[in-house]
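In the text below, chain A, chain B and the rest are named by the order of the sequence lines, each starting its count at 1. Values below: every heavy atom of this structure, side chains too, minus hydrogens, waters and symmetry copies.
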Amino acid sequence: MEPLYKPQGVEARWQRTWEEEGLFHADPESERPSYVIAVPPPNVTGVLHMGHALNASIQDALIRWHRMRGFNTLWQPGYDHAGIATQAVVEKKLRAEGTSRLEIGREAFLEQVWAWLREYGGVIMGQFRSLGCSLDYERERFTMDDAYVRAVMRFFVHLYERGWIFRDNRIINWCSDCRTSISDLEVEHRDVDDALTYARYPLADGSGSVTIATVRPATILADVAVAVHPGDERYTGLIGRDVIVPVVGRVVPVISDERVEPEFGTGALKITPGHDPLDFEIGRDHGLPEPSVIDLDGRMTGDIPAEYIGLTEDEAAERVVAWLREHDQLEKRESYRHAVGHCERSGTRIQPLVSLQWWCAMDELARPAIESLESGRVAFHPPVHGRVALDWLKAIRPWNVSRQLWWGHQLPIWYCPDGHVICAETEPDACAECGSQDLVRDPDVLDTWFSSALWPFATLGWPDDTPELRAFYPGDANVTGRGIIFLWENRMIMAGLELMKDIPFSHVVINSNVLDSVGRPMSKSLGNGVDPLDMIAAHGADATRYGLLKMSSTQDIKFSEGSIEAGRKLANKLWNASRLLLMSGGDEVAARPSSLEERWILARIDATRAEVEADLTTYDFAHAVDRLYHLTFDDFCDWYLESIKPRLDDPDVKATAFAALERLLKLLHPVLPHVTEEIWSNLPARASRLVVALWPEADAEYAGDVKALDNAQTAARIYRRSGVRIAVAGDALRIFEAVVRPSADGRGDVGAERTRVEKEIARAERMLANEKFVANAASDVVDAEREKLAEYRAELAALGG
RNA sequence: GGGCGCAUAGCUCAGCGGGAGAGCGCUCGCUUCACACGCGAGAGGUCCCUGGUUCGAUCCCAGGUGCGCCCACCA
């Protein structure tokens, strides 16, 4: 064994060994209780980033801990097909080759996607291995596997038969860059500097005008009404009369609607159902037409003056404003900053437009999910996220599930020439209503998150009744970032309750977002990302895991490499502590403590075991690893090993030391799996790999000994600080001398030590002299203060005071 | 517009009603027979501000300042 622990090589060797020996594989026939986590499936095109590394470190710590506690443990791996992202990557490649998906057609395009994935996709599972993740790799699933596709089809047909899937012309979020609709959740609002244009619409009878304000003058061409608030006295007389829409000259009514905000602008709102979500709702309720003047490319279209056809929205807006100015209908323009929806993927400004799409009504799905959150059957950690998830479910709206893409799960919908719609899991032979065999499948695919909702059970074989499904559903925990609580967590809960009649997991653990060292999100465009693989190469996977868990929090976290370096030091320290014991021989492992420090370390290890268990139970990983760090450095190395060093040739002392080391390795294994397994393999008489060794049982035998070294430690502290030796005897004296190795020469600065203790005594005396403190404070607080006073007086006496 | 969170040592953070802590960095002393990725000692802080509650506030309450996040159909 080298003095410097080198994780490179050691780690890869154990990763191979564990997997080859099948130690990550979960057996559905096992009698043991299961513990199941399904990994958040990474995009099949993605590479490991720091967020994955943190997310995976947390899951692996939980998984390894439960495996050691005897659970039949399944960590389910797999990939998400990531419709928009994957399609975009392959389209980019085609563009570089001078062609396009439209040119080569759907079938050839999909072949290209699969070819691309075979060559470049699916690299993250290998990177998870490098991190030491104990996923059951044999069970890797992909949302585009045939079996998974079947599950998605079943889900859609199920919802259709329930009457919750419907097709309708409604306002959608169109991304002209991705060339598809996206759901409300994929829209992010950003502040944009716009101009607010005030335009006068003349009354049709020539008796005056009404002024509206708009940020999108081009949409004036699609106006079908002007709306005012029913209680707005300025406009009471106008309701029911007609106005003339500028440019197009259309005569449209003035209507009244509660949703108009009288305080904003002029209090009169132009109604454009074709290009605004609020206007769309108002238009539907008032039975107004829904003309569209902007097409899917963002170009002007429809029943508008010829000179507008084909312009961009901005060009059209300029022309409309010029028209208003020429006709003296432009009241004013003022600068205006407001939030505007953008596509979260491409950053493109969202075009709201009316489109015929497939939708899922969510109210019935949400109801049992709401119950599961309110009752606590599904608990979020930290709980605040559960409250936010609940609020979203209670205000849930229809979900636009169709996407105008090719890569994904094509809708199981067919149309016959007579307009009949058939929804079936597989292609029907003929239309059930008219018998036509001339069926055309809907070209759209489903929102990627539609398939993700099935992840906890489609990966286990649903809709078939498989041994896996029976053994591993419902799962236990789901660990993810807060960004996908609505997109994924809530939808898994809804889908699980609907299809499996049970929640998919009982704990949702929300991990931090990892920011760069100055608090900005890590991003490709900023170039501020830190590659976890670089950290693994530099410090080891164990160190990287330790560092990420140490950083973890209920808040967003700034990445600090220092935490990872601390992990490397911990691994190295453990390595060298083990060297000390292994190099001095010994072939027995048995807790046979005969001295104070031996009882003490067993007590400390057991106390830390209990604390770590409590931390892991509450998903407080930072505290868990901090305790393990101090147990290793302070208790095990600085005190215990230093105390027994002079007696390492005693077989009983060695046997106990190995027993203590064995327990320490077990406690550290979920965090530092490789170095602990490596050391473990060198201990005498190993019955199994550490990865499947049993977690230490509670050991009450030494519980009274956690403070047994207090006297020796106090004496050491005083001696090291001042050179003063206070009187200790027996074990405490022996330990003091072993650890401190005091020099023979004389006494140090007793005066300074006395002054320090006297100040403490004075403080305690002052408090206890305060009658109000003694009368009002809790009795245990007062007692503790009296105890401290007594201890300090004893210390002063020991200093010869 | 609604909701949530954070401000503690140079840095990253813990503590959250009774003596201000850790890791890193810094200073000093140790190449002591596991480890210099080590051991020991030390310097360093109006615990954001102003009020309030309390015998006692970094911790609870109110207000303020600064930073961040989520949700949102005021055109």
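Residues A:A577 and A:D634 each lie close to RNA chain B; by heavy-atom proximity, the contact nearer the 5' end of the strand is made by A:D634. Between A:V518 and A:R741, the residue whose closest nucleotide on RNA chain B is further toward the 5' end is A:V518.
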Q: Could you run through nucleotides 69-75 of chain B and give me one letter per nucleotide, 5' to 3': B if any protein heavy atom sits under 4.0 Å from the base, S if only the sugar-phosphate is that close, - if neither?
A: S-SBBBB
Q) Reading nucleotides 38-44 of chain B 5' to 3', which nucleotides get B (base under 4.0 Å from a protein heavy atom), which S (sugar-phosphate only), which -? A) SSSSS--
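Nearest heavy-atom pair, A:R333 versus A:A195, reported as atom, atom and distance to 0.1 Å: NH2-CB, 3.7 Å. A:M1 and A:R579 make their closest contact through O-NE, 3.4 Å (heavy atoms, listed as atom of the first residue, atom of the second, distance). What you find for A:G265 and A:A213 is that their closest heavy atoms are CA-CB, 4.4 Å. Pairing each heavy atom of A:A339 with each of A:H189, the nearest pair is CB-CB, 4.2 Å. Smallest separation of non-hydrogen atoms from A:I220 and A:K270: N-NZ, 3.6 Å.
Within 4.0 Å of A:E760, counting heavy atoms only, lies at least one base atom of the nucleic acid. Nucleic acid contact for A:A784: none, since no nucleic acid atom lies under 4.0 Å from a heavy atom of the residue. At the heavy-atom level, A:M583 lies under 4.0 Å from the strands shown only through sugar-phosphate atoms.
Here the separation of B:C13 from B:U58, taken at their C1' atoms, is 15 Å to the nearest Å. Straight-line distance between the C1' atoms of B:C67 and B:A72: roughly 22 Å, to the nearest whole Å. Spacing of C1' atoms, B:G3 relative to B:U46, comes out at 34 Å, to the nearest Å. To the nearest whole angstrom, the two C1' atoms, one in B:C26 and one in B:C11, are 12 Å apart. Taking the C1' atoms as reference points, B:A20 lies 8 Å from B:C47, given to the whole Å. For the C1' atoms, the distance linking B:C16 with B:C60 amounts to 10 Å, nearest Å. The same atom, C1', is picked in B:A43 and in B:C48; the two are 25 Å apart, to the nearest Å. Going from the P atom of B:G23 to that of B:A14 covers 16 Å, rounded to whole Å.
Between A:F486 and A:W392, the ring planes lie parallel to each other; the angle is under 30°, not in the 30° to 60° tilted range. The aromatic rings of A:F636 and A:Y640 sit tilted, their planes meeting at an angle between 30° and 60°.
Residues from residues 767-777 of chain A with heavy atoms under 4.0 angstrom of RNA chain B, sorted by number: A:M767, A:N770, A:K772, A:F773, A:N776, A:A777.
Rounded to whole Å, atom P of B:A14 lies 8 Å from atom NZ of A:K550. Residue A:E611 contributes atom CD, which lies 15 Å from atom C1' of B:A22 at whole-angstrom precision. Atom CG in A:L581 sits roughly 11 Å away from atom P in B:A34 (whole-Å rounding). Atom NZ of A:K6 and atom P of B:C35 are 14 Å apart (whole Å). Regarding A:E561, its CD atom lies at a distance of 13 Å from the C1' atom of B:C37, rounded to whole Å. For the pair A:L515 CG and B:C11 C1', the computed distance is 16 Å after rounding to whole Å. Spacing between atom CD of A:E785 and atom P of B:C55 amounts to 18 Å, rounded to whole angstrom units. A:H385 places its NE2 atom 17 Å from the P atom of B:G3, with the value rounded to the nearest Å.
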Give every donor-acceptor pair under 3.5 Å between a side-chain atom in residues 759-768 of chain A and any protein atom, sequence neighbours left out.
unit_1	atom_1	unit_2	atom_2	d
A:R763	NH1	A:E785	OE2	3.3
A:R763	NH2	A:E785	OE2	3.1
A:E765	OE2	A:R793	NH2	2.5

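You'll find the side chain of A:Y198 stays beyond 4.5 Å of the side chain of A:L324, heavy atoms only.
Screening A:R717, A:R725, A:R721 for a salt bridge (charged side-chain N to carboxylate O under 4.0 Å, His left out) involving A:E753 leaves a single residue, A:R721.
Secondary structure note: stems in RNA chain B built from 3 or more consecutive Watson-Crick or G-U wobble pairs under 3.5 Å occupy B:1-7 with B:65-71, B:10-13 with B:21-24, B:26-30 with B:38-42, B:48-52 with B:60-64.
Of the N and O atoms on the side chains of A:H286 and A:D257, at least one donor lies less than 3.5 Å from an acceptor on the other residue. For the residue pair A:H623 and A:D615, no side-chain donor N or O sits within less than 3.5 Å of a side-chain acceptor on the partner.
In A:E771, the CD atom is not crowded: 12 or fewer heavy atoms of neighbouring residues, nucleotides or ligands sit closer than 6.0 Å.
Residue side chain A:R568 reaches the base of B:C37 through a donor-acceptor N/O pair under 3.5 Å, judged by distance alone.
Checking the phosphate oxygens (OP1, OP2) of B:A34, a side-chain nitrogen or oxygen of A:K645 falls inside 4.0 Å.
Across B:G18, B:G23, B:A34, the shortest atom-to-atom separation from the side chain of A:A566 is found for B:G23.
Figure legend: A:R604 and A:W639 shown without cation-pi pairing, the cationic atom not lying both under 6.0 angstrom from the six-membered ring centre and within 45 degrees of its axis.
Under the rule for a side-chain contact (heavy atoms from CB on, under 4.5 Å), the partners of A:D168 that lie at least two apart in sequence or sit in another chain are A:F166, A:R170, A:R284, A:W359.
In this structure, A:E281 CD and A:D276 CG are separated by 10.0 Å, a value rounded to the nearest 0.5 Å.
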